[in-house]
**Student:** 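The structure under discussion is supplied below as structure tokens; questions concerning it will follow.
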Amino acid sequence: MSWEGAPAPYRIETERLVIRCYEPADGPLMKDAIDSSLDHLRPFMPWARGEPLTLEERVELARSFRSAFDAGENFTYGIFDRAEREQLGGCGLHPRVGPGGLEIGYFVRSSALRRGIASEAAAVLTRAAFEVCGADRVEIRIDPRNEASFGIPRRLGLPEEARLRRRLRYGGDEPLGDVAIFTRFREDHDPAAAPPLRAFDACGERVL
């Protein structure tokens, strides 16, 4: 499902983070972030069931993320430190929740937990979704068993809209999982909920 609104920023900068579209050269940083965190990621990240990937596979994945970003089909980002020497996690704006909606997904490497990185990334992506992409709503979907992740949408003030049974697909022979849905609509958006940021398009022009 392609996004029908304006494209997401390619690069977002805060005081301590760089959140940007992947490049093939990010393969080694991505591999280090994920391979070092598999025990932390596997229980609640369906894609982690197929890990670890080789470096060559990781580079190809970065290429596919960039291709989908360029095509406006999916906006997947790496979360890096300001020097861009370490990948701290990943996040994205995903147009898979129906017309007008963008879902925010995120993960943080195990060595960078409890530093507010996922909350900061989700806050700036919420602002980008409304102010750059023109979304009508933003959703965060969480496996109800993943209690640690519930604090993120709650800190951002996203109301829990629903809990649905047997909706998350984990792959293989695993049964479908339940999901909790947190939603914010455009009329409830507060730019002050995000830290100061700068956002840029593919040409390096500032869009926020």
**Student:** Spell out, as yes or no, whether a donor-acceptor pair under 3.5 Å connects the side chain of Ser67 to the backbone of Ser64.
**Tutor:** no
**Student:** Using only atom types and a distance under 3.5 Å, with no angle test, would you say the side chain of Arg167 pairs donor to acceptor with the backbone of Arg165?
**Tutor:** yes
**Student:** Does a side-chain heavy-atom distance below 4.5 Å link Leu38 with His40?
**Tutor:** no
**Student:** Nearest heavy-atom pair of Ala129 and Cys133: which atoms, and what distance?
**Tutor:** O-CB, 3.3 Å
**Student:** Can a donor-acceptor pair be found between the side chains of Ser149 and Asn146 at a distance below 3.5 Å?
**Tutor:** yes
**Student:** Would you call the rings of His189 and Phe130 parallel, tilted or perpendicular if under 30° counts as parallel and over 60° as perpendicular?
**Tutor:** tilted
**Student:** For Ser110 and Ser36, indicate whether the former's side chain and the latter's backbone hold a donor-acceptor pair under 3.5 Å.
**Tutor:** yes
**Student:** May I ask you to check whether Trp47 and Phe107 place their ring centres under 6.0 Å from each other?
**Tutor:** yes
**Student:** Do Arg184 and Glu139 meet the salt-bridge criterion of a basic N to acidic O distance under 4.0 Å?
**Tutor:** no
**Student:** Does this structure show an ion pair linking Glu13 with Arg82, if we count only N-O contacts that are shorter than 4.0 Å?
**Tutor:** yes
**Student:** Does CD in Glu187 sit with more than 12 non-hydrogen atoms of other residues, nucleotides or ligands closer than 6.0 Å?
**Tutor:** yes
**Student:** Between the side chain of Asp178 and the main-chain N/O of Arg166, is any donor-acceptor distance below 3.5 Å?
**Tutor:** yes
**Student:** I need the minimum non-hydrogen distance between Arg63 and Pro24, along with the two atoms involved.
**Tutor:** CG-CG, 3.6 Å
**Student:** Can you confirm whether Ile34 sits close enough to Pro52 that some side-chain heavy atom of one is under 4.5 Å from a side-chain heavy atom of the other?
**Tutor:** no
**Student:** Using side-chain heavy atoms (C-beta onward) and a distance below 4.5 Å, is Leu53 in contact with Glu51?
**Tutor:** yes
**Student:** Indicate yes or no: does Glu60 engage Arg58 in a salt bridge with an N to O separation below 4.0 Å.
**Tutor:** no
**Student:** Mind listing the closest non-hydrogen atom pair of Ile12 and Ala128 along with its distance?
**Tutor:** CD1-CB, 4.3 Å
**Student:** The test is side chain to side chain contact (heavy atoms under 4.5 Å, CB included); show your working for Arg11 and Val18 and say whether it passes.
**Tutor:** CA-CA 7 Å; Arg11 181 181 180 93; Val18 172; 3.7 Å; yes
**Student:** Evaluate the side chain to side chain contact (heavy atoms under 4.5 Å, CB included) criterion for residues Val108 and Tyr106: first the C-alpha distance (whole Å), next the side-chain angles of each, then the deciding distance (0.1 Å), finally the verdict.
**Tutor:** CA-CA 7 Å; Val108 175; Tyr106 47 81; 5.8 Å; no
**Student:** Work out which heavy atom in Val97 is nearest to a heavy atom in Leu102; give both atom names and the distance.
**Tutor:** CG2-N, 3.9 Å
**Student:** With the side chain counted from C-beta on, respond yes when Val124 and Arg127 share a heavy-atom pair under 4.5 Å apart, and no when they do not.
**Tutor:** no
**Student:** Tell me the closest heavy-atom pair linking Glu120 and Pro195, and the distance in Å.
**Tutor:** CG-CG, 3.8 Å
**Student:** With a 6.0 Å cut-off on the ring centroids, do Tyr22 and Tyr77 count as close?
**Tutor:** no
**Student:** Can you tell me how far apart CG (Leu61) and NZ (Lys31) are? Round to the nearest 0.5 Å.
**Tutor:** 11.5 Å
**Student:** Do the non-hydrogen side-chain atoms of Ile117 and Ile79 ever get within less than 4.5 Å of each other?
**Tutor:** yes
**Student:** One pair to check against side chain to side chain contact (heavy atoms under 4.5 Å, CB included): Arg66 and Glu23. What are the steps and the verdict?
**Tutor:** CA-CA 7 Å; Arg66 179 62 186 238; Glu23 302 172 358; 4.2 Å; yes
**Student:** Quick one: closest heavy-atom pair of Met30 and Ala62, and the distance?
**Tutor:** CE-CB, 3.8 Å
**Student:** Using the rule side-chain contact (heavy atoms from CB on, under 4.5 Å), only one of Ile152, Thr183, Ile140, Ile104 pairs with Leu158; which is it?
**Tutor:** Ile140
**Student:** Between Asp32 and Arg109, is the closest basic N to carboxylate O distance under 4.0 Å?
**Tutor:** yes
**Student:** Start with the C-alpha distance between Arg155 and Ser119, add both sets of side-chain angles, then the distance that settles side-chain hydrogen bond (donor to acceptor under 3.5 Å, both in side chains), and finish with yes or no.
**Tutor:** CA-CA 8 Å; Arg155 279 193 292 273; Ser119 293; 3.0 Å; yes
**Student:** Rounded to the nearest 0.5 Å, what separation is found between the CD atom of Glu103 and the CG atom of Asn74?
**Tutor:** 9.5 Å
**Student:** Apply side chain to side chain contact (heavy atoms under 4.5 Å, CB included) to residues Leu164 and Ile181 and explain how you reach the verdict.
**Tutor:** CA-CA 8 Å; Leu164 304 177; Ile181 303 175; 3.7 Å; yes
**Student:** I want to check something: taking the side chain as every heavy atom from C-beta on, are Val179 and Asp143 in contact at a cut-off of under 4.5 Å?
**Tutor:** no
**Student:** Does some side-chain heavy atom of Pro9 sit less than 4.5 Å from a side-chain heavy atom of Leu208?
**Tutor:** no
**Student:** Between Glu84 and Arg20 (salt bridge meaning N to carboxylate O under 4.0 Å), is one present in this structure?
**Tutor:** yes
**Student:** Report yes if the side chains of Cys91 and Ile19 come closer than 4.5 Å at any heavy-atom pair, otherwise no.
**Tutor:** yes
**Student:** Pick one: which of Phe69, Phe65, Phe200 meets ring-ring contact (aromatic ring centres under 6.0 Å, His included) with Tyr10?
**Tutor:** Phe69
**Student:** Relative to Phe80, does Arg85 satisfy both conditions: NZ or CZ under 6.0 angstrom from the six-membered ring centre, and within 45 degrees of the ring's axis?
**Tutor:** no
